[in-house]
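All residue numbers in this chain count up from 1 along the given sequence.
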Amino acid sequence: MSKLTDRISYLRGLAAGMKLNPEEGVNRLMLEMLDVMGETAESIEALSDAHGELSEYVESIDEDLADLEADLYDEEDEEYAGDEDGEDGDDVELDGSLLYECPHCHETVELDPDELDLEEDHPCPNCGEELFPELPEDVD
């Protein structure tokens, strides 16, 4: 039992020990208030129990999600370990090199990130077009 329900039980005991006449106005009011406080305490206790169960359930879901993410990302890492052509169109870094898909011929080009300067021209070795074309001024 919670502290609140214990205290309300104590107050009910005091009221019973005082032998309050429920027919008198003030006594009736106090007894009804004790009943309302008791119902409120029971509701709070039920909410607290439900909250505890819900917290445990959410924690269980969170653990399951973490396991799922670990399995999913481990599989994804294994997929990219042998994928040297970057078929998904994203940049993939392998052994210090960067694989980049040419926006013109869509061939994968291997770049050294240490030598990469976006202020310089970088022609595609396959089609000769610029790998990093300048964007129009109105594009953010």
From S60 OG over to D64 CG, what is the distance, rounded to the nearest 0.5 angstrom?
4.5 Å

Testing the basics here: between C127 and C102, what is the closest heavy-atom pair and its distance to 0.1 Å?
SG-SG, 3.8 Å

Please report the closest heavy-atom contact between I8 and L34, naming both atoms and the distance.
CG2-O, 4.1 Å

Sequence-distant partners of H104, side chain to side chain donor-acceptor pair (under 3.5 Å), two or more places apart
none

Using modelled atom types and a 3.5 Å cut-off, is there a donor and acceptor pairing between side-chain atoms of S9 and backbone atoms of T5?
yes

With sequence neighbours left out, what residues match E23 under side-chain contact (heavy atoms from CB on, under 4.5 Å)?
N21

Does T40 use its side chain to pair, donor to acceptor, with the backbone of V36 at less than 3.5 Å?
yes

d(L98 CG, T108 OG1) to nearest 0.5 Å is 11.0 Å

Is there a path from M37 to Y10 through hydrophobic residues (I, L, V, M, F, W, Y) whose side chains come within less than 4.5 Å of each other?
yes

Who are the salt bridge (Lys or Arg N to Asp or Glu O under 4.0 Å) partners of R12, not counting sequence neighbours?
D35

Please report the interatomic distance CG(D6) to CG(L11), rounded to the nearest 0.5 Å.
11.0 Å

Here the pair of heavy atoms bringing V109 nearest to N126 is CG2-ND2, 4.4 Å

Euclidean distance, E69 CD relative to D62 CG, rounded to 0.5 Å:
8.5 Å

Treating Ile, Leu, Val, Met, Phe, Trp and Tyr as nodes and any side-chain heavy-atom pair under 4.5 angstrom as an edge, say whether L68 and I61 lie in one connected cluster.
no

Nearest heavy atoms of L31 and P22, plus distance in Å:
CD1-CB, 3.9 Å

